[in-house]
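Just the heavy atoms: all of them, side chains too, but no hydrogens, waters or symmetry mates, feed the values below. Naming: A, B, ... by sequence-line order, numbering from 1 per chain.
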Amino acid sequence: EAQVTQNPRYLITVTGKKLTVTCSQNMNHEYMSWYRQDPGLGLRQIYYSMNVEVTDKGDVPEGYKVSRKEKRNFPLILESPSPNQTSLYFCASSLYRGPIDEQYFGPGTRLTVT
Amino acid sequence: ILNVEQSPQSLHVQEGDSTNFTCSFPSSNFYALHWYRWETAKSPEALFVMTLNGDEKKKGRISATLNTKEGYSYLYIKGSQPEDSATYLCAFITLLTGGGNKLTFGTGTQLKVEL
């Protein structure tokens with residue numbers, strides 16, 4: 001089944017404790033992206049990747065890192081999480097023309113930082 | 001920061017009603033517009049990708065139009081059903097000077113269809 005998977009789905013952590021949210025897609029998509037969803041703000045792009053080893057900042061990259069060593073995986077790293085990073089996070093991918101192609105979203109990761 | 005606005009913010013309609021809502025975006029540097037349907041506790045799913053001025057797309061009872069010159073897109077739902085209840089998001093894609101492109105989501109229109 002074609003899909004985008006994210007893990008974990010739910011995570012409660014403490015300030016400063018490094019964490020990684022994994023994202024994987026099995027559709028051979030070139031473009032992958034991370035978003036955060038906060039009430040009243042809509043989906044905001046954190047980072048995106050046009051292909052392996054090519055990443056770029058979105059609108060709200062501060063406090064996050066990403067890597068794209070393989071085409072299928074695009075992990076989101078929070079080196080030192082803070083309470084303002086409490087949010088719902090979505091990973092998404094699309095075929096190859098960047099955001100011209102429709103995006104396929106993962107199931108979301110709800111992160112709480114205390 | 002690009003301004004992508006959706007209206008209304010929320011909408012309650014009765015089953016069988018037809019409804020429509022709006023996505024407004026900057027008319028310059030247009031590249032594409034996406035519509036997504038987002039049901040509670042699920043992930044957003046693509047409805048339409050629109051790229052040309054005057055585009056009209058249809059999927060079942062849902063259709064969309066695009067006016068890039070004036071910077072808006074309409075989403076129409078004919079004969080609303082309870083299963084249409086969801087948040088409808090638009091995403092505006094623009095070209096950046098120097099290459100690359102940028103995707104900006106609106107905050108969505110939350111539709112509730114009541115029996």
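Below 30°, between 30° and 60°, or above 60°: for B/Y36 and A/F105 the angle between ring planes is above 60°, a perpendicular geometry.
Only the side chain of B/L89 comes within contact range of chain A, with at least one heavy atom under 4.5 Å from a heavy atom of that chain. Heavy-atom distances place the side chain of A/Y35, and not its backbone, under 4.5 Å from chain B. Proximity to chain A (any heavy atom under 4.5 Å) is restricted, for B/T51, to the side chain, taken from C-beta onward. Residue A/L43 touches chain B through both its backbone and its side chain, counting heavy-atom pairs closer than 4.5 Å.
Of the possible polar contacts, none joining the A/T109 side chain to the A/Y10 backbone as a donor-acceptor pair under 3.5 Å is found. B/K57 places a side-chain N or O within 3.5 Å of a backbone atom of B/V49 that can act as its donor or acceptor partner. Put simply, the side chain of A/S67 never gets that close to the backbone of A/K69: no donor and acceptor are under 3.5 Å apart.
Counted by atom type alone, B/Y72 and B/E5 present zero donor-acceptor pairs between their side chains at under 3.5 Å.
Taking each heavy atom of A/K57 and A/Y48 in turn, the nearest pair found is O-CE2, 3.5 Å. Nearest approach of B/S73 to B/T65, heavy atoms of both residues: OG-O, 2.6 Å.
Along residues 38-46 of chain B, the residues that come nearer than 4.5 angstrom to chain A, judged on non-hydrogen atoms, are B/W38, B/K42, B/S43, B/P44, B/A46 in order of number.
At a threshold of 4.0 Å, the pair A/K65-A/E79 counts as salt-bridged, since one of the basic side-chain nitrogens sits closer than that to a carboxylate oxygen.
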